[in-house]
Amino acid sequence: LRRQRQMCIETALRQGDTQTARHYLSRCADDPRSLNNLGVLCLMEGDREKARHCFTLAADRGSADAAYNLAHFDELSYEDFGQRSSENLL
């Protein structure tokens, strides 16, 4: 069930459907992958401070994707992340 939710979240984020992504994230935001995806959602919505916080929490819990996002956070916008590495972003 958790894997299915993650797939729904990632699909929604790729499609720009923040409402659906937030709905699913509200049910499983404790694990590193969900925290990373919450960071992506916050970035999409323009809340860079909260996005950085979510990426940091996820990276501290072992998410390589979140560590990647943090490493490139200051130099790239959400659009840049999507163009360069949507797989790492999500």
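Residues forming a side-chain hydrogen bond (donor to acceptor under 3.5 Å, both in side chains) with H23 (at least two apart in sequence, or on another chain): R27. With sequence neighbours left out, the side-chain hydrogen bond (donor to acceptor under 3.5 Å, both in side chains) criterion links T18 to no other residue. For D60, the side chain to side chain contact (heavy atoms under 4.5 Å, CB included) partners are T56, not counting sequence neighbours. For D47, the side-chain hydrogen bond (donor to acceptor under 3.5 Å, both in side chains) test picks out no residue, with sequence neighbours left out.
N37 and S34 are not linked by any side-chain donor-acceptor pair at a separation below 3.5 angstrom, with hydrogens and angles left out of the test.
Using modelled atom types, no side-chain atom of R33 and backbone atom of A58 make a donor-acceptor pair closer than 3.5 Å. With S63 contributing its side chain and A59 its backbone, the two residues share no donor-acceptor pair below 3.5 Å. In this structure a side-chain-to-backbone donor-acceptor pair under 3.5 Å is missing from R48 to D74.
Put simply, CG on L57 and CG on D30 are 10.5 Å apart, with the number rounded to the nearest 0.5 Å. Summarising the geometry, atom OG1 belonging to T11 is positioned 10.5 Å from atom CD belonging to Q6; distances are rounded to the nearest 0.5 Å. Note that SG of C42 and CD of E49 are 10.5 Å apart. Values are rounded to the nearest 0.5 Å. Atom OH of Y24 is separated from atom CZ of R5 by 8.5 Å, given to the nearest 0.5 angstrom. Here the straight-line distance linking atom SG of C8 with atom CG of L13 works out to 11.0 Å at 0.5 Å rounding. Here the CG atom belonging to L70 is positioned 10.5 Å from the SG atom belonging to C54, to the nearest 0.5 angstrom.
Between F55 and D65 there is no side-chain heavy-atom pair separated by less than 4.5 Å. Contact of the R22 side chain with the L38 side chain is registered, since non-hydrogen atoms from C-beta on lie closer than 4.5 Å. E10 places none of its side-chain heavy atoms less than 4.5 Å from the side chain of V40. Proximity of D31 to L35: side-chain heavy atoms (C-beta onward) are nowhere separated by under 4.5 Å.
A salt bridge does not link K50 with E45: every distance from a Lys NZ or Arg NE/NH1/NH2 to an Asp or Glu carboxylate oxygen is 4.0 Å or more.
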